[in-house]
Amino acid sequence: MTVTTFSELELDESLLQSLQEKGFTRPTAIQAEAIPPALEGRDVLGSAPTGTGKTAAYLLPALQHLLDFPRKKSGPPRILILTPTRELAMQVADQARELAKHTHLDIATITGGVAFMNHAEVFSENQDVVVATTGRLLQYIKEENFDCRAVETLILDEADRMLDMGFAQDIETISAETRWRKQTLLFSATLEGEAIKDFAERILNEPVEIEADPARRERKKIQQWYYRADDIKHKTALLLHLLKQPEVTRAVVFVRKRERVHEVCGWLREAGINTSYLEGELVQAKRNEAIKRVVDGRVNVLVATDIAARGIDIDDVSHVFNFDMPVTSDTYLHRIGRTGRAGKKGIAISLVEAHDNLLLGKIIRYVKEPIKARVIDELRPTTRPPSEKLKGKPSKKVLAKRVETKNKQKAEEKPRVKERHRDSKNIGKRRKPSSSKPDAAE
Ligand code: ADP
Ligand code: MG
């Protein structure tokens, strides 16, 4: 039986009420699948695409547990949530506060960029839920300012990102420090790759593994286009033109480097477009302010680097712009995932210079979705489009040519020892592959 309403999940009235106030009418796929085993106290290894409601999938059972087993005296945190970035920690805490609005539960954050003085109260007052980034938390654990012994549930959000960012060791240390806990929940956009599986095995105890396939209505509807540009000046002109379209109500513009953030912001401001920006070196107060200005609707363009934008959930982003193309297809997916959240439509626009063509081809093959070329009449590129590289599949002619050059290259290369199934099956010593034999199957 699939769960279709929140009341079927047997959540407390106070939680059901805040869900209703938040306008969450029914659980998303990951929520419907992860909440029941989590409520039973099982460990959960959960994955679902970005924007499909993973936060509430772990917050609801965690809060429900605190309501089911209230403690008599106040004390240190019972639920510890780890996130890869400060912004995400704040957003998770905000969502927890909203969900816990009609309860007496206390929620706090511990992240870098905040003075110890502000955390002192976290340590002196009652805390039920703490949302933290690993670096600062570890520091407080080492200084014996943070008491891990009351932690009953450890939750890892965006585990894939945390591993990418090199936090595996930190998390394992925190896992060891909270070894008295009864439950661990790990959520991630993907569970692909050995690293995360390995990691999960060390941290979790006989988890229920859930890979939620989001319902059609939750799936993103992101239209993807690209415009060819001659150079950075041309890209800027395109960006300005596009940002001025009335349907662009809230946009995130991605650039590759921190310096570029300031350049682009300058150009936009000169053109009379109010922007906010995020980059890794901003002090925390500034970062919060930048996000707040966008969330409040005071500005509708946010310029950001990938690192600075990680994990941020700004609702209703109508357009994502790749001012600089991302270096990997995975980053592309993360970027465009900023728009089209929770079943809303979104548009992702890439500005592509000649040197980005190969990259674009790779991305098109990776996302397996059409990314269509567009032009603006008065801003047509003067350079010619590359003929084959951009298509999802290379033409026969190109393939033939590729095989030809590959073989040529091969003939010039030193012979490489290549392990094939049929070679290793040959008991005894392996045949030496011959370099002269063209191997089209490679
Ligand atoms: P994820 O962590 O999977 O990327 P989030 O938890 O950030 O996704 O949720 C994405 C958006 O969907 C948020 O704006 C959140 O408020 C909204 N959302 C979450 N659950 C529901 C629900 N059951 N119904 C409607 N909207 C939801
Ligand atoms: Mg999330």
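Order of listing sets the numbers, starting from 1, for every ligand and every atom in it. The structure presented is a predicted model; accordingly, all values stated were derived computationally and were not measured.
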**Q** Check this for me - ligand 1, Gln95, N or O atoms closer than 3.5 angstrom, yes or no?
**A** no

**Q** Can you tell me if Phe187 has a non-hydrogen atom under 4.0 Å from ligand 1?
**A**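 Flag not set, Phe187 not near ligand 1.
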
**Q** Less than 4.0 Å is my threshold; does some heavy atom of Ala48 fall inside it relative to ligand 1?
**A** no

**Q** Out of Ala56, Ser47, Gly53, indicate the one that has the non-hydrogen atom closest to atom 9 (O) of ligand 1.
**A**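 Minimum heavy-atom distance to atom 9 (O) of ligand 1 goes to Gly53.
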
**Q** Below 3.5 Å, N or O to N or O, backbone or side chain included: is there any such pair between Thr52 and ligand 1?
**A** yes

**Q** State whether the number of non-hydrogen atoms from other residues, nucleotides or ligands found under 6.0 Å of Gln139 atom CD is greater than 12.
**A**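 More than 12 within 6.0 Å, yes.
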
**Q** Charged N to carboxylate O under 4.0 angstrom, Glu194 versus Lys197?
**A** no

**Q** Give a yes/no on ligand 1: does Arg26 have at least one heavy atom closer than 4.0 angstrom to it?
**A** yes

**Q** Does the plane of the ring in His319 sit parallel, tilted or perpendicular to the ring in Phe321? Use 30° and 60° as the thresholds.
**A** parallel

**Q** Within ligand 1, which atoms have a heavy atom of Phe6 less than 4.0 Å away?
**A** 23 (N)

**Q** Who pairs with Lys257 by side-chain contact (heavy atoms from CB on, under 4.5 Å), at least two apart in sequence or on another chain?
**A**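 In terms of side-chain contact (heavy atoms from CB on, under 4.5 Å), with neighbours along the sequence ignored, Lys257 is linked to Glu259.
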
**Q** Which ligand 1 atoms are under 4.0 Å away from a heavy-atom of Pro49?
**A**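 The atoms of ligand 1 under 4.0 Å from a heavy atom of Pro49 are 3 (O).
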
**Q** Would you mind running through ligand 1 and noting each atom that sits below 4.0 Å from a heavy atom of Thr55?
**A** 2 (O), 5 (P), 6 (O), 7 (O)

**Q** Would you call Lys235 and Asp324 a salt bridge, using N to O less than 4.0 angstrom?
**A** yes

**Q** What pairs with Arg298 under salt bridge (Lys or Arg N to Asp or Glu O under 4.0 Å), at least two apart in sequence or on another chain?
**A** Glu289, Asp296

**Q** Measure the acute angle between the ring planes of Phe187 and Tyr58, then classify it against the limits of 30° and 60° as parallel, tilted or perpendicular.
**A** tilted

